[in-house]
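Everything below concerns the one structure shown next.
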Amino acid sequence: MTSDTTRIASGRGLEPRPPVRDLPPTTGDDGGDPSRSWRYRLSRLDVKFSPYLFIAPFFLIFALAGLFPLLYTAYTSLYEWTLGANDDAEFIGLGNYVELFSDAQFWNALLNTFSIFLLSTVPQVIVAVLLAALLNTALRGRVAWRMGVLLPYVASLVALAIIFSNLFGEQYGLINTLLQAIGVDPVQWQADRFSSHVAIATMVNWRWTGYNALIVLAAMQAIPREVHEAALVDGAGVMRRFFSITLPMLRPTIIFVVVTSTIGGLQIFTEPKLFDPNSGGGGGSDGQYQTVVLYMYQQGFLNQDVGYGSAIAWVLFLIIIVIAGINFLITRRIAGTGEAK
Amino acid sequence: MRHRSSRWVKVLACTAALAATAATTAACGSSDDSGKTADGKIELTLATFNEFGYEDLISEYEAAHSDVKIVHRKTGKSDAHHQNLYTKLAAGSGLSDVEAVEEGHLSKVLARSGQFNDLKEIGPSGLDTNRWVKWKVDSATDKNGHLIGYGTDIGPLAMCYRKDLLEAANLPTDPAAVKDMFSSWDKYFAAGERFTTAGTGKAWFDSGAQIFNAMVNQEEQGYYDKDDKLVVTSNPVIKEDWNQVTSAISKGLSAKLPFGQPEWTTGAKNSAFATKTCPSWMLGVITESAGPENKGKWEVIDAFPEGGGNWGGSFLTVPKQSKHPKEAAELAAWLTAPEQQVKAFSTAGTFPSQVEALSSPELQAMTNEYFNGVKAGELFAKQAQAFDKAQYKGPASGQLQDEVFANALQAVEQGKSSDEGWTQAVENAEKVAK
C-alpha cells in the first residue's frame, strides 16, 4: 500500500496524494496492543480524512459566499418581491421568467451585451496573441515593454471610465474635436447605439488586452525551443512556425483566455454604468448601451424588484455557461491540430 | 414572507460575522446589543453623507448631555448612503439611530414610512413644527399625518443668468426687465426664442430635464395622486409641460448638457448656455465649473417662473430599529433647531430650512463674490418663502424624475420626436411604478 511508483509510472502524471506514513503491515495483530491499534486507527483516519479537512475551508467559504447566494437567488426569482416593501413577497412560480422572455427591454439589453462582447473579445484575443508574439521576440528593454502592457490593467477602472467618457464626449470630447479638425462629422457616442458600443468596447479592450497578452506570453515561453529549432532546420519561416507551432501549442491558454473573456464580457457592468450621463441603470437615454447586468442592477437595486432582478441574474448565468461552452468548442477547433487531449 | 426573508438575512449576517475577524466581534460587543457604552452612557449613532457641518455641534451636545455618546458615521456620497439605508431597512437591522435622508430619496422613504418613528409622537413635546418653512414639514409628512423627518437644509430656487450673453443677444438686462422675463414659463420660453434667434450660437438653458423637473414640481399634482396611483397620462399638466419643454428643445433652446456630467462642466466653462435654474448650492457649482475666466459674468436674481421651487436639502429621521428612539429624536430635534442650523450653515454652507434661521444676521449678510457681490443669503431666504406648497410625492417620484423623464428628454435632445419621447417616458414610468 505504500508503493506509489507503479501508479506514477502508469498514470497521467502526479496526482495529489495524501502523505504516506510508515504504517505497520495491514495484515497481522490488530488486537494485540490496544494502544498501538488505537494509534494505528488514528493514523489511518488522518491519512484518509486530513486532505479533505485541508481543502474544506475553501469549499465552506464557497458554499457560503458562492453557492448559497446562487441558490438563494434562484429561490428569490420565484417571488414577486420588492426590497423592503411594507407588503409581503408573493410566490409567483416562473412568473418572472415568463415576463422576462416577453420583455423588450431584456432582449434589447441582451443584444447590447452580445454586441459589446463581440466588439471587445474578438479584437482583444487576436491583438493579445499578436502582442505576445511581439513581446516574445528579442526586444531591447523587454521587461519594461512587458510591464508596460499591464499598466492599463493596474489603473483604476473608475478613473479609466471617467477619462474615456471625456474622450468620447459628444460636444467637447477629444475624439470628436479631432474628427472635426479633419473635417469629419462628430460621432454621437452617447445617442447612437453602435457608436456607444464601440466606445465601451474600446474601454474594455484598453484594459484587458495587455493582461491577456501577458498570459499568452507566459504560455509562449513554455513552448520548448527544440520544436522551433527543429522546424527551423526543416526550413520553416516565421509565419509557418507561428501558425504551425506557436498557435497550436497555445491552445489551452487561448481557451482559458477566451472563456474568462466570455465570462467577463457577458457580465460587463462598470464601463456602461459609468458611461451613462444620468448615472442610473438605464444605459443611455433609451437603453442604447444597457447591458444585461445593468438591467439586472436597475431592476433589482434601483426599482427594488428583487425577484425580477434575480430572474435576470439566473438567465444570464445560464447564457454564460452555454456561450462559454460553445466558445470552448470553437476555440478547440480553431486553435489548430496540436497534440490531442 | 418579509419576516422569513429578514430572518434569512440575519442568519447570513451572523454566519458572515462568525467567519470574520476579531475586529468584527469586538464591534458586536455589548455596546451594540444594549446601545450602551461600557461606562453606561447611551450610545447614539448618527449617519450623514457629504457635509452636514455637525462635527462641532456633536461635541457641544455631548458636553451638555453627560450621559450620551454620539458616534458619527459619515459617508462620502449620497448614493452610497441611501443604498445602505434601503438595504438595512430591508434587512431589519444595522441602521443608525438617526439617519439623514436627502430630498430626492424622500418619496422612497415615505413609501416605507412604517419603518420610521413618527417624530410628532416621540419627539420632544414642546417642539413647534412652525419653526421650519411650511413646505419642508409637509414634504416629510406621510399620508397618515406622521412626521418622519426633521428638516435640516433646503435648496430654494432662483434664476442664474449670463448678463453678457443676454446683452449680446439684445435682451434687456436691467433687473426689473429680467425679473419680468423670469416671471412665468411662457415668458421664459419666449425670451429664450428671442435669444436663440439673435444668433449668438449659444443655448438658453442647459438641458430640458432641468426645466421640466422644476415645472412638474410646481404643479398641484405630480406623477402620483394621493392614493399612490400613477397619473402620468391622466394628469394633463404633465403632458402640457412636456410639450412646452420639447418644443423649446426643437427650437434649439437646449444646450443638451445633462447636469452633473463632465460635458456640463465644460459647457459652463465655454458659456454654452445663458440661464440656469439655480438652487442656493448651485452658486458654488457654477463658480467651480465656469471657472475664474467667467467671474462677474454670471448673475443671480430673486425670481423664478411661477413663483419658486426647491431642489435639494435633507431630513433627519429616526428608524424604528433604533434602541433609543426618544433620545435619538431629541438629538435630531436639537441639531435641526435654528441656532444649530445657522452654525452648520457657517461651517458647511447648508442653507437652513428654519424660518428663524433664514432671518439670522449670519445668513442675511452672506454675499457671493463670483456673482458680483450679490447678497445671496438674503436673496435665497426670500426665495425660500416665495412658495408654500409641497407637492405629494409617490413611491417612485424620485426615479420618475431623475431616470425616466430625464432620459426621455435626453432622447428627444438626441433626435427623437416629442411623441416618441413621450411614449418612451410613459412606458418606462409604468414599469418603474409597477
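Chain letters run A, B, ... following the sequence lines, proteins first and then strands; every chain starts at 1. Below, all heavy atoms of this structure are taken into account, side chains as well, without hydrogens, waters or symmetry copies.
- B/Lys431 pairs in a side-chain contact (heavy atoms from CB on, under 4.5 Å) with only one of the listed residues (A/Asp305, A/Asn303, A/Asp103), which is A/Asp103.
- Looking at A/Gln304 and B/Lys108, their side chains come closer than 4.5 Å, going by heavy atoms from C-beta outward.
- Closest approach of B/Gln261 to A/Asp276, counting heavy atoms only: NE2-O, 4.4 Å.
- The ring-ring contact (aromatic ring centres under 6.0 Å, His included) contacts involving residues 413-434 of chain B comprise B/Trp242-B/Trp422, where partners must be two or more places apart or lie in separate chains.
- Your options are A/Gly169, A/Gly287, A/Gly282, and the one with the most heavy-atom pairs under 4.5 Å with chain B is A/Gly169.
- In this structure, no portion of A/Asp192 lies under 4.5 Å from any heavy atom of chain B.
- Once rounded to the nearest 0.5 Å, the distance linking CG of B/Asn428 with CD of A/Gln298 reads 7.5 Å.
- For B/Asp228, the salt bridge (charged side-chain N to carboxylate O under 4.0 Å, His left out) partners two or more places apart in sequence, or in a different chain, are B/Lys143.
- In this structure, A/Leu302 and B/Glu403 approach most closely via the heavy-atom pair CD1-OE2, 4.1 Å.
- Heavy-atom distances place the side chain of B/Gln424, and not its backbone, under 4.5 Å from chain A.
- Contact between B/Ala272 and A/Tyr172 at its shortest, heavy atoms only, is CB-OH, 3.3 Å.
- With a 4.5 angstrom heavy-atom cutoff, B/Ala209 does not touch chain A via any of its atoms.
- Closest non-hydrogen pair, A/Phe301 versus B/Gln83, comes out as O-NE2, 3.9 Å.
- Each of B/Glu413, B/Gln414, B/Lys416 was checked for a side chain to side chain donor-acceptor pair (under 3.5 Å) with A/Ser285, and the lone residue meeting it is B/Gln414.
- Both the backbone and the side chain of A/Gln171 come within less than 4.5 Å of a heavy atom of chain B.
- At a 4.5 Å heavy-atom cutoff, the contact between A/Glu170 and chain B is made by backbone and side-chain atoms alike.
- For B/Lys256, the parts lying near chain A are the backbone and the side chain together; criterion is any non-hydrogen pair under 4.5 Å.
- For A/Phe91, no part lies under 4.5 angstrom from a heavy atom of chain B.
- Put simply, of B/Ala408, B/Gly267, B/Ala396, the one with the most heavy-atom pairs under 4.5 Å next to chain A is B/Gly267.
- Surrounding CD of A/Gln180 are more than 12 heavy atoms belonging to other residues, nucleotides or ligands, all under 6.0 Å away.
- Looking at A/Asp286, the atoms closer than 4.5 Å to chain B (heavy atoms on both sides) sit in the backbone and in the side chain alike.
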